[in-house]
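Have a look at the structure below before the remarks.
Hydrogens, waters and symmetry mates are skipped; everything else that's a heavy atom, side chains included, is used. Residue numbers begin at 1 in each chain, while the letters A, B, ... track the order of the sequences.
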Amino acid sequence: MSAAAAAAGLVLLAAVGACAGVVVGAAYVAFMNALRVPARLAALTYTRHMTRIYEAAMAAGAFLAAVWLVFPYTLRLAPAAAGFVGAAMGVYVGMLASALAETIGVIPVVARRTGLGTWVTRLIWFVVLGKITGSLIYWLYPPLVP
Amino acid sequence: MPTVYLKPRDSLIVAPGEDITLGMLAEFAAEDHELERTLRGQPFLPGLTEGHGAISVSSLDLVRAIRRQRQDLDLRIVGPAHTVVKPRVRPNPVMAGIWTAAVTLLLFFGSLMAIMFFHADVDMPLVHRGVYQLVTGEAAPRPLVLQIPYSIGVGVGVLLFFNSLSRRKPSSDPSPLDVQMHIYDQDAQDYLVSQSAAAHRADQARQK
């Protein structure tokens, strides 16, 4: 009796876990899609017909990160490999941050209020410099990193 | 009865003081080119003063203006029902410089702080240590070999998103920022048109 109850409990837990996984996975992809990050990458590289592969890449990335939570495997590569991973993470975060800022639509308002018009698009370079400087200061100045 | 097609423009920016003709407000198409030319040249409004607010011209106002001159035309309107007319604003170069500097500083320090807030908020140091361990198998409290390329990557990502890297013609693929500015302008114009329509209805109600 108690063994059956335990088994039922495990099945229930597994079902709850699977549901949670589906919801989180769907939410992640929906969020990225709403921000049009993969769409922009495909448009920029003229590879609109490769979206199936990009979908698979996003799913695989999220899946491997989830697996790593359970089994903390390691690849044992040289530290330089971590540099490549870091650059890819950075580009992704940069696109994500820009997409978020753009969705809120602050910059057109700034352009209107200041009367600068399309000039503002060129000032994006200062956003870029600000992001790089801010990020470097954050990592290089020890008191900032907990 | 000659048929004349007229297509009002969405918006029009005029030099202050310049008289506004029908040809500036709408495109005309008719069998008779001479007729087209006279209609285009017909004055509609005296010029706007420099600081004048935007006005909205209904396509029916255009029809009325033409009817006053010629009653023998079959007028067909194709296109928007309103044209927003604004006097051109010539920016003061000194103020433009000050504004540019102010916006530059705002964007620079704003982005700088925002990325730090983000790192602290999502506990990015923990993630970086985890990823470093995942890749190399060793623990490092401050994996700078990952973090410095990451920082440069953040900037590259912003550039990629706004499509500022390529020097291509704007026709190929507009930057999301260009699209956003366009949507913003369009929304502002919609608002002006609906406001002037409401004012018009109020006027008519008062006259009754």
Side-chain angles (χ1 to χ4, degrees), chain A residues 36 40-41 43-44 68 73-99 102 105 107-112 114-116 118-121 123-140 142 144-146, chain B residues 89 91 95-96 99-100 102-116 118-120 123 125 128 130-138 142-164 173 175-178 180-181 183-185 188:
Chain A
R36 287 172 298 156
R40 283 222 43 79
L41 278 170
L44 278 170
W68 186 67
Y73 54 86
T74 159
L75 303 174
R76 295 192 193 289
L77 299 174
F84 284 105
V85 175
M89 285 169 75
V91 172
Y92 200 82
V93 165
M95 292 193 79
L96 190 60
S98 307
E102 196 249 357
I107 296 172
V109 177
V110 172
R112 268 284 175 127
T114 57
L116 289 179
T118 50
W119 252 97
V120 165
T121 52
L123 297 183
I124 280 301
W125 283 96
F126 291 94
V127 172
V128 173
L129 285 179
K131 289 259 186 248
I132 296 177
T133 317
S135 187
L136 282 175
I137 292 173
Y138 186 82
W139 300 118
L140 295 176
L144 279 174
V145 181
Chain B
V89 179
M95 283 314 287
W99 277 124
T100 309
V103 174
T104 302
L105 285 177
L106 174 84
L107 289 176
F108 180 77
F109 287 109
S111 316
L112 190 150
M113 292 307 294
I115 198 77
M116 288 198 198
F118 168 70
H119 289 158
D123 209 345
H128 277 187
V131 171
Y132 186 83
Q133 192 158 8
L134 168 104
V135 174
T136 63
E138 279 154 46
R142 293 176 65 215
L144 290 181
V145 69
L146 175 98
Q147 290 166 337
I148 291 168
Y150 165 85
S151 302
I152 295 162
V154 171
V156 175
V158 176
L159 279 181
L160 269 182
F161 189 84
F162 288 117
N163 200 6
S164 308
D173 213 6
S175 143
L177 198 53
D178 298 332
Q180 202 69 33
M181 301 263 276
I183 292 171
Y184 186 86
D185 284 345

* To do: Name the region of A/W139, side chain, backbone, both or neither, that has any atom closer than 4.5 Å to a heavy atom of chain B.
  => both
* **B/Q133, part contacting chain A, at a heavy-atom distance under 4.5 Å** => backbone
* To do: Using a 4.5 Å cut-off on heavy atoms from C-beta on, say whether the side chain of B/F108 contacts that of A/V127.
  => no
* Is there side-chain contact between B/H119 and A/L144, with at least one heavy-atom pair below 4.5 Å? -> no
* For the residue pair B/Y132 and B/V145, establish whether any side-chain heavy-atom pair is separated by less than 4.5 Å. => yes
* **B/L144, part contacting chain A, at a heavy-atom distance under 4.5 Å** => side chain
* Quick one: which of A/A99, A/A80, A/A97 has the most heavy-atom pairs under 4.5 Å with chain B, could you say? => A/A99
* Asked: Is it the case that more than 12 heavy atoms not belonging to A/R36 sit under 6.0 Å from its CZ atom?
  -> no
* Quick one: of A/V145, A/I137, A/L77, who has the most non-hydrogen atom pairs under 4.5 Å with chain B? -> A/L77
* **Spacing of CZ belonging to A/F126 relative to OG1 belonging to B/T104, to within rounding of 0.5 Å** => 5.0 Å
* Side chain from CB out, backbone as N, CA, C, O: work out which of these in B/A102 comes under 4.5 Å of a heavy atom of chain A, or both, or neither. => neither
